[in-house]
S.K.: 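Sharing a structure, written as structure tokens. Questions coming.
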2 protein chains.
Amino acid sequence: MGDPTHNPVGDNAAMRISARADYAVRAALQLAACTDSGPVKAEAISAAQEIPHKFLEGILNDMRRGGLVTSQRGGNGGYRLARPAAEISIADVIRTVDGPLVSVRGVRPPELSYSGPAESLLPLWIALRANVRQVLDGTSLEDVACSGLPADVKKLAENPSAWTNP
Amino acid sequence: MGDPTHNPVGDNAAMRISARADYAVRAALQLAACTDSGPVKAEAISAAQEIPHKFLEGILNDMRRGGLVTSQRGGNGGYRLARPAAEISIADVIRTVDGPLVSVRGVRPPELSYSGPAESLLPLWIALRANVRQVLDGTSLEDVACSGLPADVKKLAENPSAWTNP
DNA sequence: GCATTTCCTACTACTCTGATAGGGAAGGGT
DNA sequence: ACCCTTCCCTATCAGAGTAGTAGGAAATGC
């Protein structure tokens with residue numbers, strides 16, 4: 001008992017950022033960087049960020065439907081951000097391609113209800129979500145691509161213990 | 001364009017707490033509550049928290065292998081916490097049944113590397129993870145089951161805007 | 001030896017993830 | 001008018017993970 005080499009069920013994490021979300025954010029950052037040089041082709045983004053290009057096409061399409069980017073077909077078409085990079089948060093991008101930021105058992109925290117000794121679990125999930133939002137809603141594409149992370153986020157990332165695995 | 005009724009791809013969230021993790025925490029809380037009354041049967045937990053009992057059995061087993069609970073078979077056997085409830089964090093429980101807290105595309109943040117305008121994405125994920133840890137590592141079973149959430153967590157949960165969906 | 005309760009293995013149904021393939025539709029240049 | 005480029009749409013796929021269910025073997029206490 002108390003087996004120190006215990007490995008959980010899978011090697012999969014409890015809260016995971018999907019490849020879609022990661023790719024979407026990186027694509028958006030690429031668009032934020034190349035701001036005043038006309039539309040950027042999917043192929044260019046795919047090459048710059050090493051994202052499978054057909055997969056990326058689908059993601060860019062979702063972002064267009066979500067109103068995050070606009071597109072132009074033909075000759076030298078491509079994509080560009082629909083709004084200034086400073087007005088698009090990382091959370092906006094993730095929500096657009098992956099839905100709500102945080103859920104528990106598939107439902108958003110406010111829809112949950114617990115009883116007995118688990119009653120205070122609901123406020124805990126709410127606090128967790130609030131903390132996730134603080135980082136992802138509070139950081140814009142411009143912050144990441146150019147001007148540097150917001151002060152509070154930078155502070156979190158500067159703590160060396162934040163970089164170590166459990 | 002900018003379709004206001006846009007619904008992402010699935011209705012699934014970006015970062016989700018699985019049913020396993022939610023059940024595991026609630027079961028552990030139930031054990032934390034019934035501390036000095038001998039071992040608690042899986043069936044009792046399952047009834048109290050409305051968790052499918054065969055599913056719960058598997059989860060309790062994982063927690064035993066992970067050294068979080070001890071078990072006793074036969075007559076009036078059951079489960080109890082292996083350590084005092086104040087010394088087991090919510091993160092401990094989740095890691096035991098679901099692996100690492102946060103991952104991006106299946107790998108833990110420190111293993112990632114980004115280039116170009118996405119370079120500052122790594123510290124962002126690190127900050128995100130730090131914030132998740134702050135809540136889940138900083139809250140014990142006892143906090144949730146009896147003594148009330150830690151001050152900083154309570155503060156997060158008291159903000160009304162934390163309770164609204166985007 | 002018998003009831004109880006944990007422990008183990010296997011199985012199922014379904015969904016999600018991370019892609020790939022092929023072609024159709026729009027736009028621009030000449 | 002033509003053609004080339006680039007986005008846009010639909011379909012398909014293999015593999016993995018999720019949430020359970022089922023049946024029985026092994027331990028414990030009376």
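Every chain is numbered from 1, with letters handed out A, B, ... down the list of sequences.
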S.K.: In whole angstroms, how far is the P atom of C:dC7 from the CG atom of B:Leu56?
M.R.: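 Roughly 12 Å, once rounded to whole Å.
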S.K.: Where the side chain of A:Lys54 is defined as all heavy atoms beyond and including C-beta, which of C:dG18, C:dG23, D:dT21 is the nearest nucleotide?
M.R.: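 The answer is C:dG23, which lies nearest to the side chain.
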S.K.: Can a side chain N or O of A:Arg16 be found less than 4.0 Å away from OP1 or OP2 on D:dT18?
M.R.: no
S.K.: Contact class for A:Gly78 (heavy atom, under 4.0 Å): base, sugar-phosphate, or nothing?
M.R.: sugar-phosphate
S.K.: Report yes if at least one side-chain N or O of A:Arg64 is closer than 4.0 Å to OP1 or OP2 of D:dC8; otherwise report no.
M.R.: yes
S.K.: Would you indicate, yes or no, if D:dC8 has its OP1 or OP2 atom less than 4.0 angstrom from a side-chain nitrogen or oxygen of A:Ser71?
M.R.: yes
S.K.: Is any side-chain N or O of A:Gln72 under 3.5 Å from a base N or O of D:dC7, one able to act as donor and the other as acceptor?
M.R.: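 For A:Gln72, whose side chain was compared with the base of D:dC7, there is no donor-acceptor pair (under 3.5 Å).
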S.K.: Any side-chain donor paired with an acceptor under 3.5 Å for B:Arg133 and A:Asn131?
M.R.: no
S.K.: Can you tell me how far P of C:dT6 sits from CG of B:Asp62, to the nearest Å?
M.R.: 15 Å
S.K.: Specify the separation, in whole Å, of atom CZ of A:Phe55 and atom C1' of C:dA21.
M.R.: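 In whole Å, C:dA21 C1' lies 15 Å from A:Phe55 CZ.
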S.K.: For the residue pair A:Ala130 and B:Leu156, what are the closest heavy atoms and their distance?
M.R.: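 Closest approach of A:Ala130 to B:Leu156: CB-CD2, 4.2 Å.
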S.K.: To the nearest angstrom, how far is B:His53 atom NE2 from D:dA19 atom C1'?
M.R.: 16 Å
S.K.: Below 3.5 Å is the cut-off: list the nitrogen or oxygen pairs between protein and nucleotides 1-4 of chain C, distance only.
M.R.:
from	atom 1	to	atom 2	distance (Å)
C:dT4	O3'	B:Gly75	O	3.2

S.K.: What is the distance, to the nearest angstrom, from the CE atom on B:Met63 to the P atom on C:dT6?
M.R.: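 One finds 12 Å between P of C:dT6 and CE of B:Met63, rounded.
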S.K.: Mind checking side-chain hydrogen bond (donor to acceptor under 3.5 Å, both in side chains) for B:Glu142 and listing every partner two or more places apart, or none if nothing turns up?
M.R.: none
S.K.: Less than 4.0 Å between a side-chain N and a carboxylate O, is that true for A:Asp152 and A:Lys155?
M.R.: no
S.K.: How close do A:Ala32 and A:Ala145 get, heavy atom to heavy atom, and via which atoms?
M.R.: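 In this case the closest contact between A:Ala32 and A:Ala145 is CB-CB, 4.2 Å.
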S.K.: Expressed in angstrom and rounded to an integer, what is the separation of A:Arg65 atom CZ from D:dT10 atom C1'?
M.R.: 11 Å
S.K.: Do the charged groups of B:Glu111 and B:Arg108 touch, with an N to O distance under 4.0 Å?
M.R.: no
S.K.: I need the CZ-P distance between B:Arg20 and D:dT21, as an integer number of Å.
M.R.: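 Those two atoms, CZ and P, are 14 Å apart.
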S.K.: For A:Asp98 and C:dT17, give me the distance from atom CG to atom P, rounded to whole Å.
M.R.: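 Distance check: A:Asp98 CG to C:dT17 P gives 6 Å.
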S.K.: With a 4.0 Å limit, can you tell me whether B:Tyr23 has a side-chain N or O closer than that to the phosphate oxygens OP1/OP2 of D:dG20?
M.R.: yes
S.K.: Which nucleotide in the list D:dC7, D:dG20, C:dC8 gets nearest to the side chain of B:Ala19?
M.R.: D:dG20
S.K.: Name all residues meeting the ring-ring contact (aromatic ring centres under 6.0 Å, His included) criterion together with A:Tyr79; count only those two or more places apart in sequence or in a different chain, and write none if there are none.
M.R.: none
S.K.: Quick check for you: among C:dT6, C:dG22, D:dA19, whose closest atom lies nearest to any side-chain atom of B:Glu57?
M.R.: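 Looking only at heavy atoms from C-beta outward on B:Glu57, the closest nucleotide is C:dT6.
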